[in-house]
Engineer: 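Pasting in a structure now, in structure tokens, and then I'll have a few things to ask.
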Amino acid sequence: MKNTPPVITRIAPSPTGAFHFGTARTALYNYLFAKKHGGTFMVRFEDTDSERSDRSYESDILQSLSWLNISPDVITRQSERRSVYRGHINRLLASGHAYESREPSKKDPSQEVVVIRYKNTERNVSFKDTVRGTITIDVSDLGDFVIARSIDDPLYNLAVAVDDCVMGITHVLRGDDHITNTPRQILLMQALGYQPPSYTHIPLIHGEGGGKLSKRKGALSVLDFKRRGYVSGAVCNALFLLGWSPVDEQEVFPLEDMVQAFSLDRIQKKEALFREKKLAWFNRQYVQALPEAAIRREVMPALLRRFPFRSLLNPRVLSSIVQGVREQGTLFADVRDRIQSGDYDFFFIPPVYEPPLLIPDGEDQKQVRQSLTRVQELLATRSGYRGWDAVSTHELLLPYAEKEGKSLVFWPLRTALSGREKSPSPFDIMEVIGKKQTMARIQTALNLLRE
RNA sequence: GGCCCCAUCGUCUAACGGCUAGGACGCCGCCCUUUCACGGCGGAAAUAGGGGUUCAAUUCCCCUUGGGGUCACCA
């Protein structure tokens, strides 16, 4: 315990596509493990393939991590470490572990190139994997695999082997699609005289279509979920519990709890299928726990787009919308859609609707007119601001509603105020729009019912 | 196909060889409710199949079946 080296973990994404769920989970586990042991978490961009790598993906990856609150302690880039690889390739060449080979180019067979191959004399390589135990792989059919296109152009396995050792990575946690790469990397490390790190291969996440998550397969980029209005904590939480399970039955994990609880020995062996419905549930949990200010920030832009006159956004309306969103745990994207399609317009302007909307099932026009008239009279007895809050108006109208039937009394009132089949309660609406506006809308409804 | 790996409700999963196989999402029902939701309560739902080992298999071993990963001068 005393002399164990500090934990250093890393993710090694290649900037060749958007940051997707699988990589995000790997990043999360690496981060959690490092933090749990007071260690360091690094991001190392594997951009040795200059043809496919693109800086814009680097920023996508970094933004995703930052959104998820997974903050790297160190960020490096392999393309800036050519000299390190050159030195190691030279060592392999000098020690006879590697050799230059002149052969036809794979890309263009008419051309001849000189590549560098590892001289493979092993039969079996075995290593201990935290999740699966000892894995032994026959490497003889690997042959002398290519480790660099040239002295200045290392390939993936060489760069990884060198970096994991040189950077002192103690624990490699990565997707289990890398299992078959591991023996190659270990071979190179041994040839270089390095001690391989500890390996933990995490089963992949599958999409709903089956098969591993891939860049081309779609909409599972982390930033997409941000755009669609998910809360980052919920995304993290959903990821956390895909392929890992706690000792107890806790489901909702703030980041600190994750750090506390995480351990490698409870990683699942089987691949996991990601379901958005579960994420949606987590999202509800998180939205319901969010402070109002955070929700307001999410909702404000859409509101301002719909109602460009800022003065129309009075604080009471805003807080009513925000509270509704929080209580119901609504997905932000849905809130924006609703604002966009006019679901909240009645807070600002008198609604426009067809008269039949005022009449609940099984009632007729005359009854509705009577009930609404009575409601109008009752509300008129309130003067000034006192007694106009939602609780008071509810108390005021309840006895009459219970006598006549709640749906005959409350439905026409609510629809008169909102002009919508679905809306907040009439009492909440009245409180927000005020007495004057309330009375005007009821009068409008009565006029419509008169025809 | 070769090699490697995996297998509990539809999904995510729990269960040091010994329980009515537990929880969560989703689904269904009921309750709450003027509406839509939120919420509360309840229900259906699983150890892939076949052999062993054992007093006892979800748990250990083998086979079958099914699934996944990987086989680059990509990462």
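Just so we're on the same page: letters track the sequence lines, and every chain starts at 1.
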Engineer: In the strands shown, is B/rC25 matched to any nucleotide by a Watson-Crick or G-U wobble pair with both distances under 3.5 Å, and which?
Structural biologist: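 In the structure as shown, B/rC25 has B/rG10 as its Watson-Crick or wobble partner.
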
Engineer: Can you check whether any acceptor in the base of B/rC74 is under 3.5 Å from a donor in the side chain of A/Arg52, or vice versa?
Structural biologist: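 Side chain to base: pair present.
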
Engineer: Closest nucleotide of RNA chain B for A/Lys106 versus for A/Gln285: which of these residues is on the 5' side?
Structural biologist: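 It is A/Gln285, whose closest nucleotide lies nearer the 5' terminus.
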
Engineer: Look at the side chain of A/Leu273 and decide which nucleotide, out of B/rC36, B/rG69, B/rC12, has an atom nearest to it.
Structural biologist: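 Comparing B/rC36, B/rG69, B/rC12 against the side chain of A/Leu273, the answer is B/rC12.
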
Engineer: With rounding to the closest Å, how many angstrom separate the P atoms on B/rC41 and B/rC5?
Structural biologist: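 Each nucleotide's P atom is 45 Å from the other's.
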
Engineer: What about A/Asp47, does its side chain sit under 3.5 Å from the base of B/rA75 through a donor-acceptor pair?
Structural biologist: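 Under the 3.5 Å cut-off, the side chain and the base do not form any donor-acceptor pair.
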
Engineer: Any non-hydrogen side-chain atom of A/Val113 less than 4.5 Å from a side-chain atom of A/Arg102?
Structural biologist: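 No, every pair of side-chain atoms sits at 4.5 Å or beyond.
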
Engineer: Just call it for A/Ser245: base, sugar-phosphate, or nothing, with non-hydrogen atoms closer than 4.0 Å on any strand.
Structural biologist: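 Sugar-phosphate contact only.
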
Engineer: Any donor-acceptor pair under 3.5 Å linking the side-chain atoms of A/Gln78 with those of A/Asp47?
Structural biologist: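 On atom types as modelled, these side chains do not qualify, holding no pair under 3.5 Å.
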
Engineer: Measure from the side-chain heavy atoms of A/Val146 and tell me the nearest of B/rC73, B/rA24, B/rA75.
Structural biologist: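 Of the candidates, B/rC73 comes closest.
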
Engineer: Do A/Val139 and A/Leu187 come within less than 4.5 Å of each other through their side chains, counting heavy atoms only?
Structural biologist: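 They are in contact (side-chain heavy atoms under 4.5 Å apart), so the answer is yes.
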
Engineer: Thinking salt bridges, do A/Arg184 and A/Glu122 make one under a 4.0 Å N-O criterion?
Structural biologist: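 Between A/Glu122 and A/Arg184 there is no salt bridge, as every charged N stays at least 4.0 Å from the carboxylate O atoms.
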
Engineer: Any heavy-atom pair between the side chains of A/Glu251 and A/Trp281 that's under 4.5 Å?
Structural biologist: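 Yes, their side chains come closer than 4.5 Å.
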
Engineer: For A/Arg420, report the nucleic acid contact type (base, sugar-phosphate, nothing); a contact means any heavy atom under 4.0 Å.
Structural biologist: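 No contact.
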
Engineer: If you check the A/Val113 side chain, which of B/rC6, B/rC38, B/rC73 turns out closest?
Structural biologist: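 The listed nucleotide nearest to A/Val113's side chain is B/rC73.
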
Engineer: Return the pairing partner of B/rU34 with a 3.5 Å limit on both distances, Watson-Crick or G-U wobble; otherwise return none.
Structural biologist: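 Here B/rU34 is not engaged in any pair, so there is no nucleotide opposite it.
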
Engineer: Validate the cation-pi geometry between A/Arg82 and A/Tyr85: distance from NZ or CZ to the six-membered ring centre under 6.0 Å, angle to the ring axis within 45°.
Structural biologist: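 Judged by the rule (NZ or CZ under 6.0 Å from the ring centre, within 45° of its axis), A/Arg82 is not positioned above A/Tyr85.
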
Engineer: Give the nucleotide from the list B/rU35, B/rC4, B/rC25 with an atom nearest to the side chain of A/Trp281.
Structural biologist: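 Nearest listed nucleotide: B/rC25.
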
Engineer: In terms of side-chain heavy atoms of A/Lys406, which of B/rA75, B/rC36, B/rU34 is nearest?
Structural biologist: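 It is B/rU34.
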
Engineer: Write down the distance between CH2 (A/Trp411) and C1' (B/rU35), rounded to a whole number of angstrom.
Structural biologist: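 So the two atoms are 5 Å apart, to the nearest Å.
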
Engineer: B/rC16 pairs with which nucleotide, Watson-Crick or G-U wobble, both distances below 3.5 Å?
Structural biologist: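 No nucleotide pairs with B/rC16.
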
Engineer: So which nucleotide from B/rC74, B/rC4, B/rG39 ends up closest to the side chain of A/Ile179?
Structural biologist: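 Nearest listed nucleotide: B/rC4.
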
Engineer: Closest to the A/Ala272 side chain: B/rU13, B/rU35, B/rC4?
Structural biologist: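 Nearest to the side chain of A/Ala272 among the choices is B/rU13.
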
Engineer: What integer distance in Å separates A/Arg184:CZ from B/rC71:P?
Structural biologist: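 Spelled out: CZ on A/Arg184 to P on B/rC71 is 7 Å.
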
Engineer: A/Phe410 CZ to B/rC36 C1': how many Å, rounded?
Structural biologist: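 Distance, rounded to whole Å: 17 Å.
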
Engineer: Any donor-acceptor pair under 3.5 Å joining the side chain of A/Lys278 to the base of B/rA24?
Structural biologist: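 Yes.
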
Engineer: Could you work out which one of B/rU34, B/rC4, B/rG68 sits closest to the side chain of A/Glu271?
Structural biologist: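 The nucleotide sitting nearest to the side chain is B/rG68.
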
Engineer: Heavy-atom nearest nucleotide on RNA chain B for A/Thr180 versus A/Pro104: which residue maps closer to 5'?
Structural biologist: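 Result: A/Thr180.
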
Engineer: For A/Gly175, answer base if it contacts any base atom (sugar-phosphate contacts may also be present), sugar-phosphate if it contacts only those atoms, and nothing otherwise; contact means non-hydrogen atoms under 4.0 Å.
Structural biologist: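 Nothing: the residue A/Gly175, judged by heavy atoms under 4.0 Å, touches no strand.
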
Engineer: Base, sugar-phosphate alone, or nothing: which one does A/Arg266 contact when heavy atoms must sit under 4.0 Å apart?
Structural biologist: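 A/Arg266: backbone/sugar contact only, no base atoms under 4.0 Å.
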
Engineer: Indicate, with a heavy-atom threshold strictly under 4.0 Å, whether A/Glu421 touches base, sugar-phosphate, or nothing.
Structural biologist: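 If one applies the 4.0 Å heavy-atom cut-off, A/Glu421 turns out to touch a base.
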
Engineer: Over all strands shown, is A/Ser425 touching base, sugar-phosphate only, or nothing at heavy-atom distances under 4.0 angstrom?
Structural biologist: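 Counting heavy atoms under 4.0 Å across all strands, the contact made by A/Ser425 includes a base.
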
Engineer: Between atom CZ in A/Arg44 and atom C1' in B/rA75, what is the gap in whole Å?
Structural biologist: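 So the two atoms are 12 Å apart, to the nearest Å.
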
Engineer: Within less than 4.0 Å of OP1 or OP2 of B/rC27, is there a side-chain N or O belonging to A/Arg275?
Structural biologist: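 So the side-chain polar atoms of A/Arg275 never come under 4.0 Å of the phosphate oxygens OP1 or OP2 of B/rC27.
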
Engineer: Whole angstrom is fine here: how far is it from CG in A/Leu331 over to C1' in B/rA37?
Structural biologist: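 That distance rounds to 14 Å.
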
Engineer: From the set B/rU34, B/rA14, B/rA75, return the single nucleotide nearest to any side-chain atom of A/Asn157.
Structural biologist: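 Nearest to the side-chain atoms of A/Asn157, counting from C-beta on, is B/rA75.
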
Engineer: Check whether any side-chain nitrogen or oxygen of A/Gln328 sits under 4.0 Å from OP1 or OP2 of B/rG39, and answer yes or no.
Structural biologist: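 Result: no.
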
Engineer: Send over the distance from A/Asp129 CG to B/rC6 P, rounded to a whole Å.
Structural biologist: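 Checked: the CG to P distance equals 10 Å.
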
Engineer: Taking the side chain as every heavy atom from C-beta outward, state whether A/Val115 and A/Glu100 have any atom pair closer than 4.5 Å.
Structural biologist: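 No, side chains not in contact.
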
Engineer: Rounded to the nearest Å, what distance is computed from the CG atom of residue A/Asp54 to the P atom of nucleotide B/rA75?
Structural biologist: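 Going from CG in A/Asp54 over to P in B/rA75 covers 15 Å.
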
Engineer: Name the closest nucleotide to the A/Gln288 side chain, picking from B/rG26, B/rC38, B/rC73.
Structural biologist: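 Closest nucleotide to the A/Gln288 side chain: B/rC38.
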
